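Every value quoted in this text rests on a predicted model; they were computed, and no experiment measured them. Just so it is clear, the values below take in all heavy atoms, side chains as well, and ignore hydrogens, waters and symmetry mates. Chain A is the first sequence line, chain B the second, and so forth, proteins listed ahead of strands; every chain is numbered from 1.
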Amino acid sequence: MASYDFKEIEKKWIGKYDGFAGYKGLDFEADKQKFYMLTEFPYPSGSGLHVGHGFAMTGADVYARYQRMMGKNVMFPMGWDAFGLPTENYAIKSGKNPKEITKEVTDNFRMQMRKLGFSFDWDREVNSTMPDYYKWTQWIFVKLFEKGLAHKEEMPINWCPKDKIGLANEEVIDGKCERCGSETEKRTISQWVVKITDYADRLLEGLKDTDFIEKVKAAQVNWIGKKEGAKIKFEIKTPDGFRVKPGMTGRKSETDILEVFTSRPDTLPGATFLVLAPEHPMVKHLMENSELIGWIPGQARNDIKRYLDEVKGRSEIERTDDTRAKTGVFTGIYAVNPLNNKEIPIWISDYVLMGYGTGAIMAVPAHDDRDKAFADKYNLPIDSEFVPDDLIISLIEEKGFGEKAVTYHLRDWIFSRQHYWGEPIPMIWCENCVPEGDGFRVKPGMTGSWIPVPEKDLPVVLPEVEKYQPTDTGESPLANIKEWVETTCPNCGGKAKRETDTMPNWAGSDWYFLRYCDPKNREMLASQEKMEYWMPVDVYVGGDEHNTLHLLYSRFIYQFLWDLGVVPKIYPEPYKKRLSHGVLLGPDGNRMSKSKGNVIVPDVVAETYGADVLRTYMMFMGPFDSTMAWNERSLVGVRRFIEKIFRLVTENAGKYVVTDLESSRLIHKLIKGAGEDLSQFKFNTVIAKLMETTNALLRSGAEVSSEDLGRVVKVLAPFAPFVTEELWNLLGGEFSVHAQEFPKFEEKYLMTDVITISVQINGKMRETIEVENDASEEAVVDTVKKIEKLEKYLLAGEIKKIIYIKGKTINFVVA
RNA sequence: GCCGGGAUGGCGGAAUGGUAUACGCUCAAGUCUCAAAAACUUGUGGUCGCAAGGCCGUGAGGGUUCGACUCCCUCUCCCGGCACCA
């Protein structure tokens with residue numbers, strides 16, 4: 001019999017799966033339960049499929065195959081999240097068109113995935129950079145605009161001077177650009193902003209409906225960062241006495257009143273000063289409003305100016321470094337603590353952030369370390385008084401100087417990017433129109449307005465440009481294409497200009513799981529019927545790095561589409577279960593990186609060992625969600641296993657009609673255990689069990705029927721698709737093993753007449769004995785008492801108690 | 001600091017209240033061979049012992065239980081996420 005030759009086998013079968021019906025999810029299959037298995041679609045980079053992709057996708061593939069074998073109608077799609085900076089940067093360097101680059105790299109990825117035997121349904125392939133796809137990404141944006149959830153705003157943004165791109169808060173890590181690592185600066189640019197904060201509570205609540213693993217839920221909850229507390233109003237003492245109530249006098253309330261947010265209103269009596277963020281509007285107001293000149297003493301005025309300049313020049317990295325000594329400046333004016341009427345000074349410091357709460361805090365040095373540090377530095381008083389927590393809110397509300405309030409860590413989503421390789425934002429600026437009601441009206445000379453591109457004109461196709469480089473003014477290269485920018489207003493037909501910003505990377509991946517349900521639909525993003533059939537995603541496998549942002553954004557968009565009635569109202573969340581896969585480290589135990597030279601390339605491994613060995617090894621390394629280092633020796637161990645099972649089947653195929661009892665027991669035990677483990681994503685122990693069974697059968701020279709060999713082959717099939725197809729074929733099975741049902745175990749083989757139980761004395765294991773399956777306590781006690789070597793323990797004292805757990809153990813308590 | 005997850009042989013790991021270390025790697029001995037490799041067989045937690053066997057042993061300490069890797073409390077360390085977020 002020939003030995004295991006993976007090259008031959010993989011070559012023989014690989015083509016048979018092109019267009020193979022068994023891997024396709026059938027819309028509306030009535031006889032079967034649907035199962036939507038999703039794994040993140042990759043960003044196709046020039047360096048090809050990474051072994052990390054291979055690992056995650058193999059896990060998802062194994063599960064999808066298992067579900068198919070369990071009789072489900074499985075949709076397991078794949079696509080390309082292909083907009084993004086690396087491609088753009090490569091285009092800038094090489095002068096190649098990003099479209100062509102994307103075509104090349106996706107072809108390469110697809111070929112690599114085919115080699116690794118992934119059972120994707122290629123009929124459903126999507127590509128976020130194709131106009132027929134991003135038409136709907138743009139359409140969703142228009143809907144956000146129409147519902148008042150998108151608007152353009154002058155916003156200080158994080159600016160990466162190297163990539164020349166504005167970044168969302170979440171794209172800045174430790175004050176550095178997520179992509180290139182350069183330190184970011186603050187710049188004020190007019191940006192599209194999406195009001196995800198309107199959905200903060202929904203996004204929090206919705207988690208209760210899901211079956212996400214704990215750490216994923218925690219990541220979402222943390223990011224949303226809901227905090228309950230109170231907003232408290234402090235009156236400002238003016239030079240001419242106290243202003244009593246907002247709105248009661250000629251002056252605007254903002255002049256007199258400072259509002260702070262606190263999660264500890266009970267510490268209000270201990271508030272000994274107020275601190276404003278340098279960007280707080282009150283600061284500007286006090287400094288620039290001529291009416292208020294004189295409020296702030298001259299010296300303080302100079303100090304404030306100097307401090308504001310100092311802060312402005314400070315990088316994001318410095319500002320968020322909490323080990324840095326606190327800095328600040330006294331404004332020279334005072335506020336009044338509404339609880340005890342004490343006058344407390346108002347300071348400005350950059351440890352208070354404008355983006356959170358109200359941008360102003362009441363400082364309670366007795367209860368807060370940061371306030372304490374500030375108080376110590378500037379010799380401010382400390383007061384540890386507080387009032388009982390349960391009384392304070394009602395007291396505050398009763399007296400009218402504050403109210404219960406909730407604040408969130410989650411910020412609105414900056415949606416503009418000044419780059420070429422992204423979805424154009426489908427908006428047009430018209431000087432002559434203004435919004436009115438649900439629509440627009442022609443009213444020249446007024447403010448002008450942003451008008452969405454009508455659905456019939458979508459998609460706004462990304463035009464070809466000569467240079468992909470962002471402009472130095474911070475505008476996208478699209479701004480240089482005059483004939484594209486200049487257009488007509490959809491409302492008045494007059495001259496108008498297109499938006500030149502493009503969308504962030506996340507936009508295309510927000511809703512791709514919906515498109516898979518109906519990838520070729522030209523009328524809508526997906527038909528109701530198809531979404532109704534396939535949604536929600538049953539299992540979503542992805543990386544930890546997407547547990548906050550991608551997950552949150554896509555849940556938000558789904559909830560928004562739900563409100564629009566675009567997605568069917570079956571399940572309020574897009575994903576039922578979210579699972580995060582582990583990380584593969586290089587052989588040296590470090591993260592794989594080109595500079596460390598420890599990168600494992602899946603193609604190379606597959607060339608040497610075969611796709612089956614590679615896949616099986618990756619699933620055997622450890623738990624699917626853990627971090628593991630690559631180990632070539634263990635890989636060889638898995639190759640030995642595949643060779644053994646190959647030998648077991650080829651040597652016994654067609655030889656026996658009936659399997660001996662002992663072997664049947666082993667095989668049925670395997671089927672039971674493997675099924676349980678597979679359903680819980682415990683892939684490593686499935687393989688361990690397969691190894692155990694294979695070794696035992698080979699060692700005993702068992703007589704195993706072809707039918708039973710087939711059962712073993714089927715258990716291995718999700719892991720090693722090629723070799724199992726070959727073995728299945730050899731056993732006389734019809735193509736394909738991957739269209740077979742997962743074997744079922746028979747209870748009768750799991751029962752044995754004689755079982756081994758442990759004998760414990762005072763809880764300590766002393767001996768194992770063989771007893772009849774259903775032996776009574778008396779019988780077991782009898783047996784034990786006859787064992788000579790146990791006498792010394794049993795006679796050491798009186799037997800106080802005997803605990804007999806049938807089938808497991810008997811414990812004698814001797815004292 | 002907050003949140004989440006961990007800590008088991010020389011190594012990756014298994015065991016969710018009942019025989020700790022399954023499975024794989026490593027290492028050793030043996031079979032085969034002129035020899036080596038591969039393959040196969042056996043062994044491989046520590047310690048005492050010629051042996052039979054004993055004692056110890058799942059990060060540390062305590063607790064619950066007839067019995068704890070597993071449940072509870074306290075602590076240490078490691079990994080991941082978030083963070084001058086009031």
Looking only at atom [atom1], what distance separates [N] and [M], rounded to whole Å?
N     : M     : atom1 : answer
B/C71 : B/A14 : P     : 15 Å
B/A22 : B/G12 : C1'   : 14 Å
B/G24 : B/U42 : P     : 12 Å
B/G30 : B/A35 : P     : 13 Å
B/U26 : B/C34 : C1'   : 30 Å
B/C69 : B/G1  : C1'   : 31 Å
B/A39 : B/U21 : C1'   : 27 Å
B/G54 : B/G62 : C1'   : 28 Å

Give me, pair by pair, the N or O atoms of the protein and of nucleotides 65-67 of chain B that are less than 3.5 Å apart, along with how far apart they are.
| unit_1 | atom_1 | unit_2 | atom_2 | d |
| --- | --- | --- | --- | --- |
| B/C66 | O2' | A/Asn811 | ND2 | 3.2 |
| B/C66 | O2 | A/Asn811 | ND2 | 2.5 |

How many whole angstroms separate atom [atom1] of [X] from atom [atom2] of [N]?
X        : N     : atom1 : atom2 : answer
A/Asp544 : B/G80 : CG    : P     : 10 Å
A/Asp677 : B/A22 : CG    : C1'   : 12 Å
A/Phe641 : B/C40 : CZ    : P     : 13 Å
A/Lys372 : B/C84 : NZ    : C1'   : 16 Å
A/Leu579 : B/G5  : CG    : P     : 15 Å
A/Asn590 : B/C79 : CG    : P     : 12 Å
A/Asn684 : B/A14 : CG    : C1'   : 8 Å
A/Leu670 : B/C23 : CG    : P     : 14 Å

With a cut-off of less than 4.0 Å, is there a side-chain N or O of [X] near OP1 or OP2 of [N]?
X        : N     : value
A/Arg633 : B/G24 : no
A/Asn695 : B/G24 : yes
A/Lys682 : B/A15 : yes
A/Arg640 : B/G24 : no

Less than 4.5 Å apart, side chain to side chain, heavy atoms only: is that true for [X] and [Y]?
X        : Y        : answer
A/Ile769 : A/Val780 : yes
A/Thr210 : A/Tyr575 : no
A/Val51  : A/Trp630 : yes

Under 4.0 angstrom, heavy atoms only, what part of the nucleic acid is [X] near: base, sugar-phosphate, or nothing?
X        : value
A/Lys644 : sugar-phosphate
A/Ala688 : base
A/Lys800 : nothing
A/Thr407 : nothing
A/Thr768 : base
A/Val216 : nothing

query = Can the positive tip of A/Arg578 be found less than 6.0 Å from the middle of the six-membered ring of A/Phe212, inside 45° of the ring normal?
reply =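 Output no; distance or angle outside limits.
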
task = By nearest nucleotide on RNA chain B, pick out whichever of A/Leu635 and A/Leu353 is the more 5' one.
result =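 Result of the comparison: A/Leu635.
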
task = Specify the residue among A/Glu643 and A/Asp371 whose closest nucleotide of RNA chain B lies further upstream toward the 5′ end.
result =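 Whichever sits nearer the 5' end wins; that is A/Glu643.
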
message = Each nucleotide in nucleotides 6-12 of chain B should get exactly one letter: B, S or -. Can you fill that in based on protein heavy atoms under 4.0 Å?
response = ------B

Tell me if the centroids of the rings in [X] and [Y] come within less than 6.0 Å of each other.
X        : Y        : answer
A/Phe330 : A/Tyr378 : no
A/Phe234 : A/Phe401 : no
A/His409 : A/Trp223 : yes

ask   = Taking the side chain of A/Asn222 as its heavy atoms from C-beta onward, which of B/A20, B/G81, B/A83 lies nearest to it?
value =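 For A/Asn222, the side-chain atoms sit closest to B/G81.
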
ask   = Choosing from B/A22, B/U19, B/G18, which nucleotide comes nearest the side chain of A/Thr809?
value =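 Minimum distance to the A/Thr809 side chain belongs to B/G18.
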
Which nucleotide, if any, forms a Watson-Crick or G-U wobble pair with [N], using both distances under 3.5 Å?
N     : value
B/A7  : B/U76
B/U41 : B/A29
B/A14 : none
B/G67 : none

query = Mind telling me whether B/G62 is syn or anti, cutoff 90° either side of 0?
reply =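 The base of B/G62 is oriented anti (glycosidic angle more than 90° from 0).
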
task = Calculate, to the nearest 0.5 Å, the distance between atoms CZ and CD belonging to A/Arg555 and A/Gln220 respectively.
result =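 Separation between the atoms: 5.0 Å.
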
Return yes if a side-chain donor-acceptor contact under 3.5 Å exists between [X] and [Y], otherwise no.
X        : Y        : result
A/Asn547 : A/Lys215 : no
A/Asn631 : A/Tyr617 : no
A/Asp412 : A/Thr197 : yes

Please list, for nucleotides 44-54 of chain B, all pairs of protein and nucleotide N/O atoms separated by less than 3.5 Å.
| unit_1 | atom_1 | unit_2 | atom_2 | d |
| --- | --- | --- | --- | --- |
| B/G54 | OP1 | A/Tyr793 | OH | 3.1 |

Less than 3.5 Å apart, which donor and acceptor atoms pair up between the side chains of residues 790-806 of chain A and the rest of the protein, not counting sequence neighbours?
| unit_1 | atom_1 | unit_2 | atom_2 | d |
| --- | --- | --- | --- | --- |
| A/Tyr793 | OH | A/Arg766 | NH1 | 3.1 |
| A/Tyr804 | OH | A/Ala775 | O | 2.9 |

Please list, one pair per line, the donor and acceptor atoms closer than 3.5 Å that link side chains of residues 260-281 of chain A to other protein atoms, with sequence neighbours excluded.
| unit_1 | atom_1 | unit_2 | atom_2 | d |
| --- | --- | --- | --- | --- |
| A/Thr262 | OG1 | A/Arg264 | N | 2.9 |
| A/Arg264 | NE | A/Asp266 | OD1 | 3.1 |
| A/Arg264 | NE | A/Asp266 | OD2 | 3.4 |
| A/Arg264 | NH2 | A/Asp266 | OD2 | 3.2 |
| A/Thr267 | OG1 | A/Arg264 | O | 2.7 |
| A/Thr272 | OG1 | A/Pro381 | O | 2.8 |
| A/Glu279 | OE2 | A/Arg319 | NH1 | 2.6 |
| A/His280 | ND1 | A/Met282 | N | 3.0 |

All N/O donor-acceptor pairs, side-chain side in residues 680-687 of chain A, below 3.5 Å, sequence neighbours left out:
| unit_1 | atom_1 | unit_2 | atom_2 | d |
| --- | --- | --- | --- | --- |
| A/Gln680 | NE2 | A/Glu676 | O | 3.1 |
| A/Thr685 | OG1 | A/Asp677 | OD2 | 2.7 |
| A/Thr685 | OG1 | A/Lys682 | O | 3.0 |

query = Between A/Arg665 and A/Glu662, is there a salt bridge with N-O shorter than 4.0 Å?
reply =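 Counted as a salt bridge, because a side-chain N and a carboxylate O are separated by less than 4.0 Å.
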
